[in-house]
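Working notes for the structure below.
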Amino acid sequence: MIDRARQAMARAHAPYSRFQVGACVRAASGALYSGCNVENASYPEGWCAETSALAAMVGAGDRELVEVVVMAPGESPCSPCGGCRQRLRELGSAATRVHLCNPQGLLLTVSLGELLPHAFAGDLLPGSSGRP
Ligand code: THU
């Protein structure tokens with residue numbers, strides 16, 4: 001997963017922030033999906049590496065997220081933004097492990113429950129299990 005995140009990071013389209021991020025997600029099937037951040041001249045239209053990786057996972061037919069690697073440069077762990085925490089939680093669970101890495105290796109592992117406590121999830125919606 002770290003190798004896949006490193007490859008994705010190298011392909012990031014980040015001409016504005018110059019902050020390249022790669023992500024790799026593992027589905028319950030065992031399949032890996034990766035993605036990078038894709039920025040836009042209209043700044044709010046860009047999106048994060050985690051979102052790209054999740055879109056690849058769902059597009060390939062996988063729905064259950066079990067593990068995540070996020071990779072960015074520097075010595076401080078790149079923690080997923082609030083929107084990505086919510087997107088990760090949609091397909092994962094509080095127990096889903098999130099490994100924060102730089103290209104040299106692992107910096108910190110946290111759970112999605114730690115990143116997004118008291119999450120709003122689909123099972124809170126009336127008449128919905130939150131699962132297909
Ligand atoms: N970014 C990610 O791709 N993932 C994160 O976890 C944090 C931030 C991107 C968004 C933007 O392209 C750049 O990093 C600077 O915010």
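Atoms considered below: every heavy atom in the structure, side chains included; atoms not considered: hydrogens, waters and symmetry mates. In this text the structure is predicted, and so the values were computed from the model without any measurement. In listed order, ligands and their atoms are each counted from 1.
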Expected output: side-chain Asn37 to main-chain Gly46 donor-acceptor under 3.5 Å:
no
Keeping Asp62 on the side-chain end and Met57 on the backbone end, is there a donor-acceptor pair under 3.5 Å?
no
Using a strict cut-off of 4.0 Å, indicate which atoms of ligand 1 neighbour a heavy atom of [X].
| X | answer |
| --- | --- |
| Cys48 | 1 (N), 2 (C), 3 (O), 4 (N), 10 (C) |
| Ala49 | 2 (C), 3 (O) |
| Val21 | 1 (N), 2 (C), 3 (O), 4 (N), 9 (C), 14 (O) |

Donor-acceptor pair between [X] and [Y] side chains, under 3.5 angstrom:
| X | Y | result |
| --- | --- | --- |
| Thr51 | Arg87 | yes |
| Arg89 | Thr96 | no |
| Glu39 | Ser17 | yes |

Pick whichever of Phe19, Tyr43, Tyr16 has a heavy atom sitting closest to atom 14 (O) of ligand 1.
Phe19
Would you say the side chain of Arg26 lies within less than 4.5 Å of the side chain of Arg4, judging by non-hydrogen atoms?
no
Heavy-atom side-chain contact between Cys81 and Glu50 under 4.5 Å:
no
Do Glu39 and ligand 1 have an N or O pair less than 3.5 Å apart?
yes
Looking only at distance, does Ser17 have an N or O less than 3.5 Å from an N or O of ligand 1?
no
When you measure from the heavy atoms of Ser79 to every atom of ligand 1, does any distance fall below 4.0 Å?
yes
Would you call Pro80 a ligand 1 contact, heavy-atom distance under 4.0 Å?
yes
Of all residues at least two apart in sequence or in a different chain, which pass the side-chain hydrogen bond (donor to acceptor under 3.5 Å, both in side chains) check with Glu114?
Ser111
Does Cys78 approach ligand 1 within less than 4.0 angstrom via side chain, backbone, both or neither, non-hydrogen atoms only?
side chain
Any protein heavy atom sitting closer than 4.0 Å to atom 16 (O) of ligand 1?
no
Considering only non-hydrogen protein atoms, determine which one is nearest to atom 9 (C) of ligand 1 and report residue, atom name and distance to 0.1 Å.
Asn37 ND2, 3.5 Å
Which residue supplies the protein heavy atom nearest to atom 5 (C) of ligand 1, what is that atom called, and how far is it?
Glu50 OE2, 3.4 Å
